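To start, the structure itself, in structure tokens.
Reckoned from all heavy atoms, side chains included, excluding hydrogens, waters and symmetry mates. Note that the structure is predicted; figures quoted are calculated from it, not measured.
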Amino acid sequence: MSSIDTVIIGAGQAGLALSRLLTAAGHDHIVLERGRVGERWRSERWDSLALLTPNWANRLPYDDEPDDPDAYASSSEFVARLQRYSRSFGAPVHEGTTATAVERSGSGFHVRTDRGEWRARNVVVASGDCAVPAVPWFASSAPAAVEQLHASRYRAPASLAPGGVLVVGAGPSGHQIADELARAGRRVALAVGRHARIVRRYRGRDVWAWLEALGELSRSLDDLPRHARSRPRPALPLDGREGGRTVDLGVLAEAGVRIAGRLEGFAGSHAMLESGLGASIADADARLRRLLGRIDDHIDSRFDAQAFAPPEYVAPIQPPSPVHTIDLVAEGISTIVWATGFRRHYPWLRIPEVIDSDGGIRHDRGRTAVPGLFVLGMRWQYRMTSHQIGGVGADAAFLAEQIAPGADGHRALRAAA
């Protein structure tokens, strides 16, 4: 058994960001990766995916300035960027190495893998916020003739069986997949629950730049009202394809997507739909109007408004006529794509006192109650952007200070975030 100061599990953006900071601090560590660097971006994303955020918003600690800061990288381009980043500092990544057990051992940990074992003082779970596809419990009652797959297994319209498609979930993945299928000539229905609405650009700037200017990207859990901390806001359905596009329910409806309410279950061949679609759409529209109003106020209070495009009217989404059921077989729907997110799952983490009731890891800003055990890259780990590419650096710097306090290069750790 080898000994090491720190084992990081996961070589995506989170694990590599922390590895870069620990390298700067001269801290001995390794990174275990079940596949290749950026494996989820390689094997669990569809072919046409482009990042939702512009390149300038996706920098990792000590990363080079992007050549085209306002462009939106494809998933394959981002994988190549992660590979270059890893090579730039000689990241100690062990690819093709799956963690099979992490257990407490004395004052540290025993880490077992399918390619060896390590004794470590610290373990950082940086395997991401997307462990296991989350599919509703009633999925098994869907018509047997209808194929089902999670969005992480979707690749392209041609990869699906001929026929119509029901996409379930109106987050970024659901919006983009429904849009792509409709533009490919498929008949598509989108089951919509609580969701967000956003525009790609407003008053001449990418909306992500406005979110940064308003301080939204640095908002922390401490900034949220207590009642909102357990129910974070829906993800913003942006699109980085074709130079960046708005993709909301209005755009989807114009492309021919049938907008329906939240899917509640199945009765025979019928998909049963909730009736609250109108209220959900109105709520998303209201939140968008408030955001655009804040942008207008920000411009008026700090700049010469004439330097920007004038305020733009964004028409509200008109709710469709209520649909209570869709007969999947009669309407020729051959496939259900579950764009319903993921759930956390760590069967190899054999430290039950840190696992909460939904399978996640209890933590405070990434620190667990077990000394030396940390997590990184979780949604709302501390900031709104904690699970995003450009947001992991700040959390990684915080954890690096816990892991390597007072190490040489410590000032650089803070500056890099």
Side-chain angles (χ1 to χ4, degrees), residues 1-33 37-38 58-65 81-95 97 99 102 104-111 113 116-128 218 220 349 354 361 363-378 381-383 385-417:
M1 186 187 304
S2 301
S3 294
I4 194 79
D5 281 331
T6 298
V7 171
I8 301 171
I9 300 175
Q13 59 265 18
L16 291 177
L18 180 59
S19 178
R20 181 65 182 90
L21 294 170
L22 293 180
T23 297
H27 183 81
D28 192 25
H29 69 284
I30 58 171
V31 184
L32 306 181
E33 171 52 55
V37 165
N58 299 326
R59 290 188 66 196
L60 296 172
Y62 298 112
D63 199 4
D64 294 332
E65 292 279 356
R81 184 173 162 189
L82 283 180
Q83 289 178 302
R84 290 193 300 270
Y85 182 71
S86 177
R87 290 194 298 265
S88 72
F89 63 96
V93 177
H94 293 239
E95 292 187 316
T97 303
V102 174
R104 299 180 75 169
S105 176
S107 60
F109 303 91
H110 183 186
V111 180
T113 78
E117 301 181 12
W118 281 267
R119 180 178 289 110
R121 289 195 305 112
N122 306 291
V123 170
V124 183
V125 180
S127 53
S218 59
S220 72
L349 185 58
V354 303
I361 301 173
H363 66 89
D364 175 20
R365 295 192 67 177
R367 300 168 298 191
T368 74
V370 174
L373 179 63
F374 306 90
V375 295
L376 181 61
M378 297 292 108
Q381 176 161 320
Y382 183 60
R383 294 175 177 82
T385 55
S386 285
H387 66 296
Q388 296 173 356
I389 299 163
V392 296
D395 290 326
F398 178 80
L399 293 190
E401 292 196 26
Q402 315 300 308
I403 293 168
D408 292 341
H410 206 58
R411 185 175 302 170
L413 294 180
R414 292 191 294 270

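Annotation for Leu16 and Ala91: closest pair CD2-CB, 4.2 Å, computed over non-hydrogen atoms. Looking at every heavy atom in both residues, Ser86 comes nearest to Val37 through OG-CG2, 4.2 Å. A pairwise comparison of heavy atoms in Leu22 and Ala404 identifies CD2-CB, 4.4 Å as the closest pair. What you find for Leu60 and Ala17 is that their closest heavy atoms are CD2-CB, 4.3 Å. Smallest separation of non-hydrogen atoms from Ile361 and His363: O-CD2, 3.2 Å. Residues Val31 and Gly10 come closest through the heavy atom pair CG1-O, 3.4 Å.
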- Should His29 and Arg121 be marked as a side chain to side chain contact (heavy atoms under 4.5 Å, CB included) after you check the CA-CA gap, both sets of side-chain angles, and the distance that decides it? CA-CA 10 Å; His29 69 284; Arg121 289 195 305 112; over 6 Å; no
- Under the side chain to side chain contact (heavy atoms under 4.5 Å, CB included) criterion, do Leu32 and Val111 qualify, and how do the steps go? CA-CA 10 Å; Leu32 306 181; Val111 180; 3.9 Å; yes
- Give the C-alpha distance, both sets of side-chain angles, the deciding distance and a yes or no for side chain to side chain contact (heavy atoms under 4.5 Å, CB included) between Arg59 and Glu65. CA-CA 8 Å; Arg59 290 188 66 196; Glu65 292 279 356; 3.1 Å; yes
- Show the numbers, then the answer: is there a side chain to side chain contact (heavy atoms under 4.5 Å, CB included) between Val370 and Phe109? CA-CA 10 Å; Val370 174; Phe109 303 91; 3.9 Å; yes
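Within the 3.5 Å criterion, the main-chain N or O of Ser386 finds no donor-acceptor partner in the side chain of Gln381. Remark: side-chain polar atoms of Thr368 are paired, donor with acceptor, to backbone N or O of Leu373 under 3.5 angstrom. Here the side chain of Thr23 pairs a donor or acceptor atom with the backbone of Ser19 at under 3.5 angstrom. A donor-acceptor contact shorter than 3.5 Å links the side chain of Thr97 to the backbone of Glu95. Thr113 places a side-chain N or O within 3.5 Å of a backbone atom of Gly116 that can act as its donor or acceptor partner.
Between atom CG of residue Asp28 and atom CG of residue Asp5 there is a gap of 5.0 Å, rounded to the nearest 0.5 Å. Residue Ser127 holds its OG atom at 5.5 Å from CE of Met378, rounded to the nearest 0.5 Å. Taken to the nearest 0.5 Å, the CG atom of Leu18 stands 6.0 Å off from the CG atom of Leu376. The line from CZ of Phe398 to CZ of Arg383 is 9.0 Å long, rounded to the nearest 0.5 Å.
Ionic pairing of Asp63 and Arg20 is not present here: no N-O contact between side-chain nitrogen and carboxylate oxygen is shorter than 4.0 angstrom.
The side chain to side chain contact (heavy atoms under 4.5 Å, CB included) with Val124 is formed by just one residue from the set Val7, Ile9, Ile403; it is Ile403. Of the listed residues (Arg119, Arg104, Met1), just one forms a side chain to side chain contact (heavy atoms under 4.5 Å, CB included) with His110, and that residue is Met1.
Aromatic ring pairs are classed by plane angle as parallel below 30°, tilted from 30° to 60° and perpendicular above 60°; the pair Phe89 and Tyr85 is perpendicular.
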